[in-house]
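Written out below as structure tokens is the structure these notes cover.
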Amino acid sequence: MNISCPRYLVSFDVRQLPHVFTDVLIVGTGLAGLRAALAVSRSLSVTILTKADEITTSNSERAQGGIASVLDPTDKFEKHINDTLVAGVELCDEATVTRVITEGPRRIAEMIRMGTHFDLHDDGSLDLGREGGHCMNRVAHAQGDATGHELVRAIISQVQNASNIKIRRNTYVIDLLVHEGACIGALVESGKYGRMAIWAKQTILATGGTGQLYRETTNAPVATGDGMALALRAGATLRDMEFVQFHPTVLYVAGGSRHLITEALRGEGGYLVDKNGYRFMPDYDPRGELAPRDIVSRSIVAQMEKTNSPTVFLTLAHKDPELIRYRFPGIRAVCEQFGIDITKDRIPVRPGAHYMMGGIVIDSEGKTSLPGLWAAGEVTSSGLHGANRLASNSLLEALVFGVSAGEGASARAMEIPDEQLYRVLPLTSDTLRKQPTPLNLEDILNSLKSLMWRNAGVQRNGELLREGLDSLEQWRRYALAGEQNSPAGWELQNMLMVSELLMQAAYLREETRGGHTRTDFPQRKPSWRKHLTFQRQTDGSIVVEQKRCRKKWKG
């Protein structure tokens with residue numbers, strides 16, 4: 001199937017727009033974007049954009065379980081590296097894994113100096129938890145189950161005290177601006193200021209993941225894949241879009257919003273049982289509830305089908321109630337809203353879209369294939385996660401690559417003279433037609449989410465994926481052919497593009513590996529130890545390539 005997309009989503013002439021100039025432009029206010037901003041030299045101006053009302057709106061802020069690192073004297077880097085490689089099922093880049101994990105303790109120490117308050121034992125040592133896929137207790141957490149919130153709180157206070165950093169809220173990035181093969185800023189819609197061009201010496205994308213493509217998700221409302229679509233249209237390479245991690249345990253109460261039930265509950269000894277009270281995970285994996293997330297999610301789906309039930313249940317009734325109340329205050333409060341006492345009642349759960357392992361290809365510094373463009377965090381395919389992310393490695397990745405992208409963009413921006421920045425290039429686009437009839441964006445969005453959950457969810461097969469691609473191609477013909485005039489319309493167009501890449505990759509990969517499960521190809525195949533990449537050509541077509549991994553994994 002042929003996939004294509006326009007270069008720009010709107011018609012424009014930058015000579016007729018207001019202009020803003022900044023040395024480094026950062027899109028996204030999650031942990032990766034904020035940490036990147038602090039890594040930029042204080043002698044340079046930094047502009048951070050978020051489409052949200054509040055700078056705290058991100059997947060980082062929602063992260064519950066913690067941040068994994070080798071922080072205990074009995075732990076070893078080699079153990080954490082091996083756990084990560086095993087979870088990634090032969091598609092990790094071993095050099096990237098080694099670099100991130102060995103750098104981890106230093107980045108966490110920096111966050112402590114910035115004012116992050118991790119949970120401690122009485123003797124002042126870090127209280128380290130254990131999650132699925134880890135052989136050791138190495139997950140630092142804060143306020144029990146509010147680690148992301150605490151990390152973001154601490155780093156925002158540093159950002160707000162930096163005189164060279166400016167944050168613009170309610171600012172939607174429509175497209176990246178490219179001149180002579182390099183990214184030079186972005187075209188944005190900024191609340192009361194309207195449409196404008198922001199010119200930058202270097203640009204960093206830290207826009208997060210794609211959970212909102214799915215009907216069931218733990219992600220923040222902003223996680224719509226914008227950064228991946230922006231990078232694709234501008235000419236950067238994307239990779240491994242089929243690998244979506246479905247968190248096994250999302251609170252599922254009819255009529256209620258979905259809430260993440262952190263894996264740390266299973267790390268503390270929680271059991272998964274079916275509607276009959278049967279503990280089923282040992283039937284599927286000897287690690288039981290502490291198996292990697294892809295295995296737990298598939299097992300839950302299988303057990304729900306076996307018992308003809310919409311959920312399974314997480315129970316902590318056999319654990320010390322005081323410990324559970326202390327360790328998980330946030331989850332306790334959420335469940336109490338639905339009359340569930342987590343110390344004695346069963347918590348109804350089922351999988352939900354949680355984390356995107358694929359994304360924009362970056363090198364060890366955070367550079368993309370497009371000069372002038374960097375990326376960090378969940379929007380990227382860095383090589384750390386491979387086919388499946390090890391629990392609590394994502395916040396670590398955000399810190400490590402946030403620093404390297406910020407420092408790299410800073411060094412490159414310093415090499416570019418100001419006179420090269422302070423100019424208005426005659427960039428224009430008039431290739432799109434106005435939408436002939438208004439689209440019911442909400443209806444298309446709801447249909448898209450249902451389609452993705454049904455046809456490209458936890459379990460996939462060729463027939464469903466092909467049907468899904470046919471539907472997406474039909475929607476693309478009219479939803480992407482016309483010009484939208486609001487963030488809701490541009491966001492939907494981005495979601496359609498990313499959904500089509502995801503489903504096309506899932507259709508092409510005829511095996512089961514990590515977060516990608518094909519019921520018609522249930523085995524992992526050595527011949528598929530390779531990556532799928534996507535890149536837009538000048539004529540608008542998307543080229544898909546299969547690329548072998550750089551070297552054989554020795555795990």
Side-chain angles (χ1 to χ4, degrees), residues 3 5 27-28 30 32-33 51-52 57-60 62-63 172-173 205-233 236-247 250 258 260 293-294 297 351-362 375-382 385 387-389 394 397-398 444-458 460 465 468-469 472 475-476 487-488 490-507 514-516 532-534 542:
I3 304 177
C5 72
V27 187
K51 64 181 179 180
T57 303
S58 68
N59 278 352
S60 297
R62 289 187 170 204
Y172 191 90
V173 178
L205 291 177
T207 52
T210 60
Q212 289 298 326
L213 299 182
Y214 289 91
R215 190 187 70 208
E216 307 291 344
T217 182
T218 64
N219 283 192
V222 294
T224 54
D226 291 333
M228 297 173 196
L230 289 171
L232 180 76
R233 289 196 298 274
T237 304
L238 272 60
R239 180 175 68 191
D240 292 346
M241 299 298 289
E242 66 271 38
F243 293 117
V244 180
Q245 185 176 86
F246 294 88
H247 197 287
V250 178
R258 306 296 182 251
L260 173 65
R293 289 174 174 177
D294 59 310
S297 290
H354 184 58
Y355 193 88
M356 167 57 94
M357 276 77 73
I360 306 167
V361 179
I362 58 172
E378 191 177 353
V379 73
T380 70
S381 174
S382 68
H385 306 303
N388 191 32
R389 176 181 69 99
S394 53
E397 179 190 37
I444 299 175
L445 179 61
N446 290 334
S447 297
L448 173 64
K449 286 172 173 275
S450 294
L451 177 78
M452 291 298 292
W453 185 252
R454 182 177 63 252
N455 294 59
V458 177
R460 306 159 175 178
L465 289 166
L469 283 167
L472 288 172
W475 296 344
R476 170 162 50 88
W490 303 320
E491 193 173 73
L492 175 62
Q493 290 177 319
N494 286 337
M495 293 172 76
L496 285 169
M497 290 180 200
V498 175
S499 294
E500 197 162 14
L501 298 184
L502 191 162
M503 201 171 290
Q504 176 79 336
Y507 180 75
H516 171 67
L532 288 170
T533 65
F534 295 85
I542 307 298

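Computed from a predicted structure; not experimentally measured.
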Output the distance between atom [atom1] ([X]) and atom [atom2] ([Y]), rounded to the nearest 0.5 Å.
X    : Y    : atom1 : atom2 : value
N455 : M503 : CG    : CE    : 5.0 Å
I360 : T237 : CD1   : OG1   : 10.0 Å
H516 : D240 : NE2   : CG    : 11.0 Å
D226 : T210 : CG    : OG1   : 11.0 Å

- [ ] Give the intermediate values and the outcome of side-chain contact (heavy atoms from CB on, under 4.5 Å) for residues N494 and R233.
- [x] CA-CA 10 Å; N494 286 337; R233 289 196 298 274; 2.7 Å; yes

Whether the side chain of [X] engages the backbone of [Y] through a donor-acceptor N/O pair (distance < 3.5 Å, no angle test) should be reported.
X    : Y    : answer
E378 : M356 : yes
R293 : R389 : no
S297 : D294 : no
R239 : S381 : yes
S450 : N446 : yes

Taking all non-hydrogen atoms of both residues, which atom of [X] and which atom of [Y] are closest, and how far apart?
X    : Y    : value
L469 : E500 : CD2-O, 3.9 Å
G225 : V498 : O-CG2, 3.5 Å
L213 : T224 : CD2-O, 4.4 Å
W453 : G352 : CH2-CA, 4.0 Å
A223 : N59  : CB-ND2, 3.9 Å
L502 : A456 : CD2-CB, 4.2 Å

Open item on the list: Out of the candidates H385, Q245, H247, only one should pair with Y355 under the side chain to side chain donor-acceptor pair (under 3.5 Å) rule; please name it.
Closed with: H385

Is the shortest heavy-atom distance from the side chain of [X] to the side chain of [Y] under 4.5 Å?
X    : Y    : result
T218 : R62  : no
E491 : Q212 : no
M228 : M497 : no
L451 : R454 : yes

Open item on the list: Pairing donors with acceptors under 3.5 angstrom, does anything connect the side chains of Y214 and N219?
Closed with: no

Open item on the list: Once side-chain contact (heavy atoms from CB on, under 4.5 Å) is applied, do any residues pair with L496, and if so which ones, sequence neighbours excluded?
Closed with: L448, L472, W475, A479, L492

Task: Worked check of side-chain contact (heavy atoms from CB on, under 4.5 Å) between L205 and V173 - done: CA-CA 11 Å; L205 291 177; V173 178; over 6 Å; no

Task: Test side-chain contact (heavy atoms from CB on, under 4.5 Å) applied to L445 and M495, step by step - done: CA-CA 9 Å; L445 179 61; M495 293 172 76; 3.4 Å; yes

